[in-house]
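Remember, predicted model here, so these are calculated numbers, not experimental data. Quick note: numbers below take in every heavy atom, side chains included, and nothing from hydrogens, waters or symmetry partners.
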Amino acid sequence: MTAPVRVLVCDDQALIRTGFATIIDAQPDLEVVGECGDGRAAVDLAGRLRPDVVVMDVRMPVLDGIGATRLLAGAGVPDPVKVLVVTTFNLDEYVYEALRAGASGFLLKDAPPAQLLQGIRTVASGAALLAPEVTRQLVGRYAARIRPAEEVPQTQLAPRELEVLRLIAEGLSNSEIAAALVISQETVKTYVSRILTKLDLRDRVQAVVYAYRRGLVT
């Protein structure tokens, strides 16, 4: 029997926090191991409880979700924890920064319960939760701000891999990339895996951030 996914819920609004915990705990394959109301408490609890996934709000007192995410999953963290950011559309810029800080994905607070539960399972499995339609609206909106002014740097990616990376950053799913390039979805998965390995990126989320940071998306 597989052990349930251990979840830490962090939100400064008690009603939302309790609601999330109730929904999550009702699932046989998920277990809430802790709750807290600020980012500093999330970092402390995660260190003690070692959850599989932290469901993290963005705007909180003491330490916000971005800072907490950076401490839990950022570059150089020896044993990173998977973080699922849950936020609202009016916090777009904060979500981008959270993804850059190391979050494995994000959801909107008004998402249906089933989407929250699937999001936790997706992140726990090691995959990135980055809905293509949200990527287009969110990351794309800040492309001008985050794209560097200098020329596009050289990367170690082959031309086809660069093409796939650009399509990922534009918010296309694997099936959409396969259709656009007239290749199989399995081939797309192979390209994505190569891209992540060559660029030393953890997941698809980091690939999107990488592409925008280096001006690979026009």
Beyond-backbone contact of Asp38 with Asp12, side-chain heavy atoms, under 4.5 angstrom: no
Working for side chain to side chain contact (heavy atoms under 4.5 Å, CB included), residues Leu71 and Arg40: CA-CA 9 Å; Leu71 292 174; Arg40 173 53 61 190; 4.1 Å; yes
Heavy-atom closest pair, residues Val7 and Pro51: C-CB, 4.3 Å
Between Thr187 and Thr190, a side-chain donor and acceptor under 3.5 Å: no
Lys/Arg N to Asp/Glu carboxylate O, Arg166 vs Glu163, below 4.0 Å: no
Full working for side chain to side chain contact (heavy atoms under 4.5 Å, CB included) between Val192 and Asn174: CA-CA 9 Å; Val192 173; Asn174 282 356; 4.1 Å; yes
Ile183 side chain near Arg160 side chain, heavy-atom distance below 4.5 Å: yes
Donor-acceptor under 3.5 Å (Arg17 side chain, Asp11 main chain): yes
Residues Leu84, Met56; criterion side chain to side chain contact (heavy atoms under 4.5 Å, CB included); working and verdict: CA-CA 6 Å; Leu84 174 61; Met56 183 83 74; over 6 Å; no
Electrostatic pair Asp57-Lys109, nearest N-O below 4.0 angstrom: yes
Separation of Leu162 CG from Gln156 CD (nearest 0.5 Å): 9.5 Å
Side-chain heavy-atom pair Cys36, Leu45 within 4.5 angstrom cut-off: yes
Minimum side-chain heavy-atom gap Ile66-Val58 below 4.5 Å: yes
Exam field: side chain Asp25 to backbone Glu31, donor-acceptor pair closer than 3.5 Å: no
Cationic N near anionic O, under 4.0 Å, Asp52 to Lys82: no
Asp29 side chain near Thr2 side chain, heavy-atom distance below 4.5 Å: no
Rounded distance [0.5 Å steps], CG in Leu116 versus CD1 in Ile23: 6.0 Å
Ala158 backbone acceptor or donor facing Glu161 side chain under 3.5 Å: yes
Atom pair CD/OH of Glu186 and Tyr191 - distance to nearest 0.5 Å: 13.5 Å
Side chain to side chain contact (heavy atoms under 4.5 Å, CB included) evaluation trace for Tyr210 with Leu165: CA-CA 9 Å; Tyr210 176 95; Leu165 177 59; 4.0 Å; yes
Ala207 to Leu196 - nearest heavy-atom pair and separation: CB-CD2, 4.1 Å
Main-chain N/O of Thr122 paired with Ser125 side-chain donor or acceptor, under 3.5 Å: yes
Side-chain heavy atoms of Val123 within contact of Ser104, under 4.5 Å: yes
Sidechain-backbone polar pair: Glu35 side chain, Cys10 backbone, donor-acceptor under 3.5 Å: no
Sidechain-backbone polar pair: Thr69 side chain, Gly65 backbone, donor-acceptor under 3.5 Å: yes
Verify same cluster id: Val9, Ile16 (apolar side-chain graph, 4.5 Å): yes
Straight-line distance of Gln118 CD to Leu107 CG, nearest 0.5 Å: 10.0 Å
Interatomic spacing from CG in Asp200 to CD1 in Ile195 - rounded to 0.5 Å: 14.0 Å
salt_bridge(Asp79, Arg50) N-O dist < 4.0 Å: yes
